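Shown next, in structure tokens, is the structure this report addresses.
Chain letters run A, B, ... following the sequence lines, proteins first, then strands; residues in each count from 1. The shown structure was predicted, so the numbers you read here are calculated from the model rather than taken from an experiment.
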Amino acid sequence: MRHFPRSGLFFKLIAFFTRTYPGGYKVKSSIDMTMESLQKLNPQQYEAVTSDARQLLVLAGPGSGKTRVLTQRIAFLVHEKSVNPRAILAVTFTNKAAREMRARLERMLGGSVDALWLGTFHAICARILRREAAALPFDANFVIMDADDQQSIVKRVLKDLNIDEKLYPPASIHSIISNAKNAMQGPGDLRSRTYREEIAKRVYEQYEKILRASNAVDFDDLLMWSVRLFEENPPIREKYARRFEHVLVDEFQDTNQAQYELLKHLSSQHHCLFAVGDEDQSIYRWRGADYRNVLRFQSDYPQSVKLLLERNYRSTQNVLDAAQAVINQNKARTPKNLYSKRGSGPLITLYDAVDDHAEAAFVVEDILDRISAGEKGGNFAVMYRTNAQSRLLEEAFLRINLPYRLVGAQRFYGRKEVKDIIAFLRLVHNPLDTVSLTRVINVPPRGIGSKTLIDLNIQAQESSLTPSEVLLSLGEQGERSPFWLPFSSRGASVLADFGALLVNWREFSQSQPLPELFDRILKDIGYKEYIDDGSEVGEGRWENVLELRRLAYEYQERGINEFLENIALVSDQDTVPDEMDAPTLLTLHAAKGLEFSHVYIIGLDEGLLPHSRSFEDPEEMAEERRLFYVGITRAKDLLTLVRAGQRSNYGRFEYTMESRFLEDIPENLINRQGMRLGVHRVNPLSQPRWESTAAAAQTNRKNEKPPEARFKAGMRVIHPVWGDGMVVETRILGNDETVTVMFETVGLKRLAASVARLEIMR
DNA sequence: GTGGCCCCTGTTTTT
DNA sequence: CAGGGGCCAC
């Protein structure tokens, strides 16, 4: 290894030079953050960043600065090894991580690093496939089918093949297809020893036909086709492999077979592969991730160097001890000894709530108390196993008027109204997209039911066209279209009407920017009237559409293609509103890679965490444990574990058993609170549930229940979270005062005076 | 042939 | 409690 001077003077000196790299790339270093921060690395990190080993495997415990190492490594390569940024490829787990890393690199290197390839596997693959479309069975503006689309394709195929959905659930058939793709298997590679396998194979074949006919790929295809492209086209592979002198991957433990092979292809010329990961944080087995890639890496690259990062910079020792106690129960792992120099810190709280409502109430009240005491809202996170658990939390947050941020792309993009509009846009962009066509052809209802749809498909098939082409012909030529006669007169005219809309939109989109097209579609189909029935729910739906519209605005310059691609590839973490200083609600999966000062993990009950679906399979149980481990290790200072003695699973109340994982945490690290110690304020069984939680929220706020109006319009007030504001309106509702305040930061809010802790300013 | 209504079922995690 | 599918009435 080349010795590398660590003297501060030297670093400051080189900071004044403008360096020129082979290939003409220039970076002007102003303040040399690269070198300055290099000094702050611990010996292991320093070794990882500066090592000359061609293949490096960094096994990094949680909070050990692995992202930092990755970023520094890139900066080091560019700055010290004179590697041209265009010769570097770095793979991150989320788009957000990629964005942040790019920003950090630009700061460190003092210039743009546009030439560096940095993104998720899926985004990188999409980029490659669009570039190399000429060698592929689809063209460059293919659309990407999401999980929903995939499911509906499978359903359609099952219907076409006359297969009973009850016997062969679409989800399970789809997972067979997905697994096959992750293992680089086509329909022909699938075994067919059982009837079930035979079915899956046949569905797979048809499924592929639909994708190709739609000029579409699914998530798994992005990876599979990229690998296949490289396998079957050595010149193309060499082009990329020659370019990428250095390939770096984050979250390596969560790569699947296709991703691993892709990495090997991409680094097949220079063989410089830098992988960072942690077996203990592998939580995506169910989607094909295989932490044994870590072992494969070592046997594929016998020369590779393995480094361990064990020093934790994030958490207190109590948190780490609990985490270790939990993960140590898993066999077959590289033993690590995490240590922190942050001191033992406070005990871990385990709160035993009577039921799920009390669970949510406890969390929210605890957070409110701490925020009121001056803590920043953004320091808090509440984590759970299943998305459904967020609901009670949200209700509790709303009840006490505390803003929160909910993480989850599905939450937004999975909504019907959002999916509808996206489907319209996709259809305009790519009329071959039959999945989208089927989705929206009768939205809002325009008289195109199943019979007409079947006729349309028959017509299309008989003339070897796609349904959209038939539709467009009807739309353009009306009665003169060759397809007019075969339909019933009613069918022909409703189809022609919709076809005409589509024709217009397509023309319109040639000359007009995306937001204009967006508005035009909404107007033409009367979408607002369709979804907004004036109710609160309806208004919410319309607001979602407007939110999507706002997003479309951001893509005015970049265009519809990028808009659709980014929508298809958003990850949950991409949806964290960074600018907002409020507690974060997220699944344990979405929490990977993040950290918070205060972490609450709720639902520590058997069946939820660990989830009941993992009971039979020890491998899955081990993954549940890792998931819990990931959650625990997100906490910097305070960890609070919460469970509920009973919860309403589907409609009915059920008693729960404490999670087995809790037994593994030594008692001396835990401070037990809740039901068992009689801390509960209200007996939930004596009253209706909603009242008990509302009452709990009230009684908890000790004194301030105003007998009469405390506030007046025009008063200046201050809120612990939203800051300064002015009272707009106030009125007495029941035994409480409702105040409407215009805040400088968040605008208009309506608050209950007894709960909101508004302070009047002079 | 379409659309609305009712019943039934079924709950992990997501690029 | 919600979404989807099947059935029945216009």
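- Each of dG1(B), dT14(B), dG3(B) was ranked by its minimum atom distance to the side chain of Asn442(A); first place goes to dG3(B).
- Between the C1' atom of dT15(B) and the CZ atom of Arg127(A) lies a distance of 18 Å, rounded to the nearest Å.
- Phe628(A) and Phe661(A) have parallel rings, their planes meeting at less than 30° on a 0 to 90° scale where 60° marks the start of perpendicular.
- Applying the salt bridge (charged side-chain N to carboxylate O under 4.0 Å, His left out) test to residues at least two apart or on different chains, the pairs with a partner in residues 453-462 of chain A are Lys451(A)-Asp455(A).
- In terms of position on DNA chain B, the residue among His589(A) and Arg490(A) whose nearest nucleotide sits closer to the 5' end is Arg490(A).
- Every residue two or more places apart in sequence or in another chain was checked for a salt bridge (charged side-chain N to carboxylate O under 4.0 Å, His left out) with Lys159(A), and none qualifies.
- Taking for each of Pro445(A) and Asn95(A) the nucleotide of DNA chain B with the nearest heavy atom, the 5'-most of the two is the partner of Pro445(A).
- For Arg287(A) and dT14(B), the shortest distance from a side-chain N or O to OP1 or OP2 is not below 4.0 Å.
- For Thr386(A), the side-chain atoms get nearest to dT12(B) when compared with the rest of dC1(C), dG1(B), dT12(B).
- Minimum atom distance to the side chain of Lys451(A) is reached by dT2(B), of the listed dT14(B), dT15(B), dT2(B).
- Nucleotides dT13(B) and dG4(C) are separated by 15 Å at their P atoms, to the nearest Å.
- Of all nucleotides listed (dT2(B), dT15(B), dT14(B)), dT15(B) comes nearest to the side chain of Phe219(A).
- When distances run from any side-chain atom of Arg391(A) to the nucleotides dT12(B), dT14(B), dA2(C), the shortest one goes to dA2(C).
- Atom CE in Met145(A) sits roughly 16 Å away from atom C1' in dT15(B) (whole-Å rounding).
- Between dT15(B) and Asn182(A), no contact under 4.0 Å exists linking OP1 or OP2 to a side-chain N or O.
- One finds no side-chain N or O of Asn387(A) lying less than 4.0 angstrom from the OP1 or OP2 phosphate oxygen of dT12(B).
- We find that CG of Leu167(A) is positioned 15 Å from P of dT9(B), with the value rounded to whole Å.
- In this pair, Trp286(A) lays its aromatic ring flat on the base of dT13(B), centres within 5.5 Å and planes under 30 degrees apart.
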Apply salt bridge (Lys or Arg N to Asp or Glu O under 4.0 Å) to Arg626(A) and Glu623(A), showing your working. CA-CA 5 Å; Arg626(A) 292 194 291 269; Glu623(A) 180 148 312; 3.1 Å; yes
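- Set against dT12(B), dT14(B), dT2(B), the side chain of Glu624(A) has dT12(B) as its closest nucleotide.
- Distance CG (Asn179(A)) to C1' (dT13(B)): 14 Å, rounded to an integer number of Å.
- One interatomic measurement links the two molecules: NZ of Lys592(A) to P of dT14(B), which rounds to 12 Å at whole-angstrom precision.
- Using the six-membered ring where Trp is involved, Phe297(A) and Phe252(A) have ring planes that are perpendicular, over 60° apart on the 30 and 60° scheme.
- dT15(B) has no stacking from His122(A) on its base ring, since the centres under 5.5 angstrom apart and planes within 30 degrees of parallel are not both found.
- When rounded to the nearest whole Å, the span between CD of Glu623(A) and P of dT14(B) equals 12 Å.
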Could I get a table of every N or O pair under 3.5 Å where one atom is in the protein and the other is in nucleotides 3-9 of chain C?
{"from": "dG5(C)", "atom 1": "OP1", "to": "Lys155(A)", "atom 2": "NZ", "distance (Å)": "2.7"}

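- Under a 3.5 Å cut-off, the side chain of Asn179(A) and the backbone N or O of Ser175(A) do form a donor-acceptor pair.
- Considering Glu606(A), Gln329(A), Glu624(A) in turn, Glu606(A) is the only one that fulfils the side chain to side chain donor-acceptor pair (under 3.5 Å) rule with Arg660(A).
- OP1 and OP2 of dT13(B) both lie 4.0 Å or more from every side-chain N or O belonging to Arg285(A).
- Distance, Leu609(A) CG to dT12(B) C1': 11 Å, rounded to whole Å.
- A perpendicular orientation is assigned to the rings of Tyr204(A) and Tyr207(A), their planes being inclined by more than 60° (bins at 30° and 60°).
- Within the model, atoms OG of Ser226(A) and CD of Glu132(A) stand 9.5 Å from one another, a figure rounded to the nearest 0.5 Å.
- One finds no side-chain N or O of Ser612(A) lying less than 4.0 angstrom from the OP1 or OP2 phosphate oxygen of dT12(B).
- Among the nucleotides dG3(B), dT15(B), dA2(C), the one closest to the side chain of Ser571(A) is dT15(B).
- One atom, OH of Tyr384(A), and another, P of dT14(B), lie 9 Å apart when rounded to the nearest Å.
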